[in-house]
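Dumping the structure here so I can ask a few things about it.
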Amino acid sequence: MQYAVGAPLPPPRGPLHPQGAGMTMNWAPHPGPPQPPGPPGHPAPGQGWHAPAPQQAPPAPHSNDITGHVQLPPGAPVALPSPPPGNAAPDAAHAAVAVLLIGPAGAGKTSVARHWAESRRVPTAHISLDDVREWVRSGFADPQAGWNDNSEAQYRLARRTCGFAARNFLANGISCILDDAVFPDRPVVGLGGWKRHVGPGLLPIVLLPGLEVVLERNARRSGNRRLSDEEVARIHGRMAGWYGSGLPIIDNSQHDVATTVRALDEVVARSLASPPSW
């Protein structure tokens, strides 16, 4: 070992650990002029103490698509689901799918998505865009304070993060359901970004109860998740644009969470058999 300042450290004067402790050391100062060998059992002056070099296993082959036992997602987006062979009906309960649950504030998106993920027979993750946006603690751009360049940038970042997470889960055999208030008339927060970050295999489904229902649910909220009645009504009105879009719509005005989850299962099964065009 060469030191930048001063002479190298002297060799060890004796055992550095108890006999048989299994510790090895390779310590060699910068070589000096040859020295006569010392008595047996003692290092020569100016020379380091050398133990037998430990045997090293050959390095494992490097792979770009795994880390540990976790499969990393491919670069390509999630493809459209493959149709079942023959005339067999798609098995929505066991299929690996990525679902995007869309709806206004107070529609019950997060509750339904969480319950659907928990009740499936195969591993399924729930990814909430609002939760991911709020990972930003200092400097969080709250859209309630006004939609601007900063809040839009954080939204785009959260959506991209959700998309990568979805592809990562699917690459490891775990389905996922995402929820977001996607507007049909606003390209910046529209389906295009989700399709770009997840892929055409994403199944978008709209949850759209009546206005009175979302107002009542919003009133039970607290913190920055609670909106004014005017804002809730405005969002709900714009969500009505999904009618006629070709996307499947669930009106859960009269449904509890469990009933809505069963309806969602049926819609997912139909979407697997005939994916919506979007």
Side-chain angles (χ1 to χ4, degrees), residues 70-71 73 77-82 90-135 155 158-184 189-209 214 217 225 239 242 245-252 255-276 278:
V70 176
Q71 185 79 18
V78 175
L80 288 168
S82 302
D91 185 2
H94 295 89
V97 295
V99 175
L100 174 62
L101 196 59
I102 299 167
K109 299 184 302 296
T110 301
S111 298
V112 170
R114 184 183 298 117
H115 191 82
W116 186 78
E118 290 172 350
S119 62
R120 296 194 80 219
R121 300 175 189 173
V122 294
T124 305
H126 170 221
I127 307 170
S128 173
L129 182 125
D130 282 346
D131 289 346
V132 174
R133 279 196 308 111
E134 292 177 0
W135 287 354
Y155 172 84
R159 184 175 57 188
R160 187 163 62 248
T161 302
C162 290
F164 176 80
R167 290 188 291 113
N168 203 2
F169 279 124
L170 287 169
N172 288 275
I174 299 176
S175 296
C176 61
I177 180 168
L178 308 104
D179 68 80
D180 182 24
V182 182
F183 293 100
V189 282
L191 282 179
W194 283 111
K195 189 173 185 177
R196 183 167 61 253
H197 294 304
V198 179
L202 184 65
L203 302 177
I205 298 170
V206 182
L207 201 60
L208 192 54
V214 296
R217 291 174 179 168
R225 298 290 178 96
M239 287 288 175
W242 287 119
S245 68
L247 297 187
I249 297 176
I250 300 174
D251 182 349
N252 60 327
H255 297 343
D256 59 10
V257 172
T259 306
T260 307
V261 165
R262 289 194 294 271
L264 180 58
D265 272 331
E266 295 172 2
V267 173
V268 169
R270 291 198 301 268
S271 297
L272 287 173
S274 179
W278 59 289

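Here, residue 1 is the first one in the sequence, and each next residue gets the next number.
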- Not counting sequence neighbours, which residues clear salt bridge (Lys or Arg N to Asp or Glu O under 4.0 Å) with D131? List them please.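 For D131 the salt bridge (Lys or Arg N to Asp or Glu O under 4.0 Å) partners, ignoring immediate neighbours, are R225.
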- Query: At their closest point, which heavy atom of N252 faces which heavy atom of A107, and how far apart are they?
  - Reply: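 Reported closest heavy-atom pair: ND2-O, 3.0 Å.
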- Using a 4.5 Å cut-off on heavy atoms from C-beta on, say whether the side chain of D265 contacts that of W116.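 In contact.
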- Query: Would you say L207 and L264 make side-chain contact, with heavy atoms under 4.5 Å?
  - Reply: no
- By side chain to side chain contact (heavy atoms under 4.5 Å, CB included), A263 pairs with (sequence neighbours left out) I250
- Task: Take L203 and V267 through the test side-chain contact (heavy atoms from CB on, under 4.5 Å) and record every step on the way to the result.
- Result: CA-CA 10 Å; L203 302 177; V267 173; over 6 Å; no
- Query: How long is the span from the NZ atom in K109 to the CG atom in L101, to the nearest 0.5 Å?
  - Reply: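 Rounded to the nearest 0.5 Å, the NZ-CG separation comes out at 7.5 Å.
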- Is the side chain of R167 donor-acceptor paired with the backbone N or O of H197 at a distance under 3.5 Å, no angle test?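 Pair found, side chain donor or acceptor close to backbone of H197.
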Using residues 255-262 as the side-chain source, report each donor-acceptor pair under 3.5 Å to any protein atom, sequence neighbours left out, with the distance given to one decimal.
{"residue": "D256", "atom": "OD1", "partner": "A258", "partner atom": "N", "Å": "3.4"}
{"residue": "D256", "atom": "OD1", "partner": "T259", "partner atom": "N", "Å": "2.8"}
{"residue": "D256", "atom": "OD1", "partner": "T259", "partner atom": "OG1", "Å": "2.6"}
{"residue": "T259", "atom": "OG1", "partner": "R262", "partner atom": "NH2", "Å": "3.3"}
{"residue": "T260", "atom": "OG1", "partner": "D256", "partner atom": "O", "Å": "2.8"}

- Query: For A113 and I177, which heavy atoms make the closest approach, and how far apart are they?
  - Reply: O-CG2, 3.5 Å
- Message: Nearest 0.5 Å, please: how far is OH in Y155 from CG in D130?
- Response: 9.5 Å
- Pairing residues for E266 by the salt bridge (Lys or Arg N to Asp or Glu O under 4.0 Å) criterion, not counting sequence neighbours: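 For E266 there are no salt bridge (Lys or Arg N to Asp or Glu O under 4.0 Å) partners, ignoring immediate neighbours.
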- Task: Can you measure from CD1 (I127) to SG (C162) and round to the nearest 0.5 angstrom?
- Result: 6.0 Å
- Task: Find out whether P184 and S245 are in side-chain contact, i.e. whether some heavy atom of one side chain is under 4.5 Å from a heavy atom of the other.
- Result: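 Counting from C-beta outward, P184 and S245 never come under 4.5 Å.
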- Item | side chain to side chain donor-acceptor pair (under 3.5 Å) partners for H126, two or more places apart | D179
- Item | Heavy-atom pair of closest approach, residues S175 and A96 |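 Distance-wise, the nearest heavy atoms are OG-CA, 3.1 Å.
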- Task: Could you tell me which residues satisfy side chain to side chain donor-acceptor pair (under 3.5 Å) with R217, sequence neighbours excluded, listed by chain and number?
- Result: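 For R217 there are no side chain to side chain donor-acceptor pair (under 3.5 Å) partners, ignoring immediate neighbours.
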- Task: Show the numbers, then the answer: is there a side-chain contact (heavy atoms from CB on, under 4.5 Å) between V97 and R120?
- Result: CA-CA 11 Å; V97 295; R120 296 194 80 219; 4.0 Å; yes
- For residues P209 and V214, report the shortest heavy-atom separation together with the two atoms involved. CG-CG1, 3.6 Å
- Checking side-chain contact (heavy atoms from CB on, under 4.5 Å) for the pair K195/L202: CA distance, chi angles, key distance, verdict? CA-CA 7 Å; K195 189 173 185 177; L202 184 65; over 6 Å; no
- Message: So, taking the atom named CG in D251 and the one named CG in L208, what distance separates them when rounded to the nearest 0.5 Å?
- Response: 7.0 Å
- Item | CG on D180 to CG on L100, rounded to 0.5 Å |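 Taking CG in L100 and CG in D180, the distance rounds to 6.5 Å.
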- Query: Can you find a pair of side-chain heavy atoms, one from W194 and one from I102, that are under 4.5 Å apart?
  - Reply: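 No, side chains not in contact.
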- Query: Do you know the tightest heavy-atom contact between F183 and W242?
  - Reply: C-CZ2, 3.8 Å
- Task: Working to the nearest 0.5 Å, report the span between CD of E134 and CG of L129.
- Result: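 The CG atom of L129 is 10.0 Å from CD of E134, to the nearest 0.5 Å.
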- Message: Give me the atom names and distance for the closest heavy-atom approach of T110 to S128.
- Response: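 Heavy-atom minimum between the residues: OG1-OG, 4.1 Å.
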